[in-house]
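Please read the structure below before turning to the comments.
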Amino acid sequence: VGFLNYHKVPFPVSISLSLCSLALSLSLIGIDGLVVDMPIRTFVVNLLARSEFAEIILDFGVGFILFAAAMESDIRTMGQRWGIIAYLSVFGVFASVVLVGGSLYGIFIGFGFFLPSWHNFLICLLFGSIVSSTDSHRFVLDALTSANAPASISAIHLGESLFNDGVSVLLFIIFKKVIDAVGEETVENIWQDVARDILGGFFIGVLVAMLFGQMMKQVRQPNLNTLLSIVLVLDVTMIANRLESSAPMACAAAGLVLRGYFFEKLERRSQQELDIIWVFTESTLSGVFFLLIGFTIVSLPFSMPTFFASLVAIPIVMIIRYATLNVLLSAWGAFGGDALHKSTAAVLTWGGIRGGASVALAMSLNNYEGRETIFSMTYAVVLFSLIVQGLSLPSVFHWLYLPEQYKRRGSMKMAAQKDEMLNRLVGAVENSPQLAALLESRGIDTESLSRMSEHSESDSRASSPAGSFKGGSSTPSMDSDHRPA
């Protein structure tokens, strides 16, 4: 798929892999329905029943994906925007989880698909935490740069995507722990387990990453540094599991520390090797998990409530995401925060691509009632996110940002034409005494006309080279507000 994508189809690799996984899943469904002697559905059911995919994915898969995402995100590029990033991530994810879960619960109860129960409400909240995770993809940042979006938007998108993963995993751990422990543990014991998972995982990741970072600084072999980064994830995962803490949280913390405080201290070849291996790891694992969840859905019998839930989940997730961001950004500006571009909420909504992290969290669920519904809804939301949102990103971002550039470009073109006409008039006056006398008879002072021309030229020189255009080019400049990430 990657080879064909490179030579034939100009799509991002993650989108091509998801399309391939969808095609394989649909092919299996078709073959299973047409060929009676080839019971593919039964084979897939038996394979998934014998395998421990949930344990493997939760113990290793989620951790590797979160570490890879952290390694692709340089936290120092967020600069002074930590406040707005943390604000949007924490309050945005909490609000999104509650609203998505509550809305779906109300719809399912209203249509009679669910019975009112605490367990079903927790299932809906669990799904809300899964789809609130947004991945930071390079093609999103490339689309923002191509549309000449402000650098602040790119930084906010990068930071919010990274922190969304952390907050979503945190809430996922809480809801999963509560669902698994209902009727078995007291509320106090549940919250003790949650605190040990989150805080323990964070400190394990930070401490082990600092140890490995010091080791990697003293190594001048790129291959060895790559191996050390992989061993770091494995060690963090095993230590966290041994101490009954959250391995995904530990891996995310380790990736942030290694990328933010040690990456620039490594030699350049090691940096390049690490970038290549972890981009490859994230893309590969995301594709594998997407294929696995497709196989899982193939193994499930068709259910109208599940199909309805999958269709309803897509608009609910998108609308609530946009509404939540709009309210939070309005409140941020009303209480003295930095003013942001009016399209920030739309950019963060349409650019918030769900991917490998959401699929991995869904695949890590235990086998209890409602698991199949979460699989189907997650598959639908991620599929829509990667294919519809991913393929339309350049067009949407250009529609949001480029009209202003065209407008500015047109106004500057008119100003340049006005200056040229004024200069020609002044030159004609200087060469024609009759024209100067005619203008003075009409009450137009030729000396004032000359001063106006000089003032207009100085304004054009001050705005054009250092402003939105350089050297008379029609290409927008990359100043502090429009410099690509």
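What's counted below: heavy atoms across the whole structure, side chains too, no hydrogens, waters or symmetry copies.
- Across all their heavy atoms, Ala247 and Thr237 have their closest contact at CB-CG2, 4.0 Å.
- The backbone N or O of Thr373 sits nowhere less than 3.5 Å from a side-chain atom of Ser376 that would complete a donor-acceptor pair.
- Under the 4.5 Å side-chain criterion, counting only non-hydrogen atoms from C-beta, Ile107 is in contact with Phe308.
- Although no hydrogens or angles enter the test, the distance criterion places no donor-acceptor pair under 3.5 Å between the side chain of Asn120 and the main chain of Pro116.
- Ring centers of Phe91 and Tyr87: under 6.0 Å apart, within the cut-off.
- With hydrogens and angles ignored, the 3.5 Å screen pairs a side-chain donor or acceptor of Ser229 with a backbone N or O of Thr226.
- Ile353 approaches Gly390 most closely through the heavy-atom pair CD1-N, 4.1 Å.
- Taking the six-membered ring where tryptophan is involved, the planes of Tyr105 and Phe121 are perpendicular, since the angle between them exceeds 60° and thus also 30°.
- Residue Lys265 holds its NZ atom at 7.0 Å from CD of Gln214, rounded to the nearest 0.5 Å.
- In this structure, Leu228 CG and Asp235 CG are separated by 10.0 Å, a value rounded to the nearest 0.5 Å.
- In this structure, the separation between SG on Cys251 and CZ on Phe64 is 7.5 Å, given to the nearest 0.5 Å.
- In this structure a side-chain-to-backbone donor-acceptor pair under 3.5 Å is present from Arg354 to Val131.
- Looking only at side-chain heavy atoms (C-beta outward), Val97 and Phe175 come within less than 4.5 Å of each other.
- Using a 4.5 Å cut-off on side-chain heavy atoms (C-beta onward), Leu258 and Met216 make contact.
- The shortest heavy-atom contact between Ser245 and Gly201 is CB-N, 3.6 Å.
- Between Ser133 and Ser358, the shortest heavy-atom distance links the atoms O-OG, 3.4 Å.
- A distance-only check finds no donor-acceptor pair linking the side chain of His157 to the backbone of Ile153 [under 3.5 Å].
- Under a cut-off of 6.0 angstrom, the local environment of CZ in Phe94 is sparse, with at most 12 non-hydrogen atoms contributed by other residues, nucleotides or ligands.
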Steps toward side chain to side chain contact (heavy atoms under 4.5 Å, CB included) verdict (Ile84, Leu329): CA-CA 9 Å; Ile84 182 66; Leu329 289 172; 4.1 Å; yes

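- Contact annotation: the side chain of Asn225 never approaches that of Glu273 to less than 4.5 Å [non-hydrogen atoms, C-beta and beyond].
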Phe67 vs Val236, side chain to side chain contact (heavy atoms under 4.5 Å, CB included): CA-CA, chis, key distance, verdict: CA-CA 11 Å; Phe67 183 86; Val236 164; over 6 Å; no

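- Here NE2 of His119 is found 8.0 Å from CG of Leu122. Values are rounded to the nearest 0.5 Å.
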Intermediate values then yes/no, side chain to side chain contact (heavy atoms under 4.5 Å, CB included), Val231 and Phe212: CA-CA 9 Å; Val231 174; Phe212 271 78; 4.0 Å; yes

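- Within a 6.0 Å radius of CZ in Phe202, no more than 12 heavy atoms belonging to other residues, nucleotides or ligands are found.
- With contacts defined as side-chain heavy-atom distances shorter than 4.5 Å, the pair Phe307/Leu311 qualifies.
- The backbone N or O of Leu88 lies less than 3.5 Å from no partner atom in the side chain of Glu160, so there is not a single donor-acceptor pair.
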Trace of the side chain to side chain contact (heavy atoms under 4.5 Å, CB included) decision for Thr349 with Met318: CA-CA 7 Å; Thr349 300; Met318 296 299 296; 3.9 Å; yes

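- Salt bridge annotation for Asp275-Arg259: present, with a cationic side-chain nitrogen under 4.0 angstrom from a carboxylate oxygen.
- In this structure, Phe384 and Trp350 have perpendicular ring planes: the angle between them is above 60°, well past the 30° mark.
- By the side-chain hydrogen bond (donor to acceptor under 3.5 Å, both in side chains) test, Ser96 is found to be paired with Ser132, residues two or more places apart in sequence or in another chain being considered.
- When all heavy atoms are compared, the tightest approach of Ala313 to Val381 is CB-CG2, 4.1 Å.
- Here the straight-line distance linking atom CD1 of Ile174 with atom CG of Leu170 works out to 4.5 Å at 0.5 Å rounding.
- Atom CG in Leu274 sits 5.0 Å away from atom CE in Met71 (nearest 0.5 Å).
- The shortest non-hydrogen separation linking Ser168 to Val93 is OG-CG1, 3.8 Å.
- Proximity of a side-chain donor or acceptor of Ser270 to a complementary backbone N or O of Leu266 within less than 3.5 Å is not detected.
- Checked by atom type, the side-chain pair Asn164/Thr134 shows a donor-acceptor distance below 3.5 Å.
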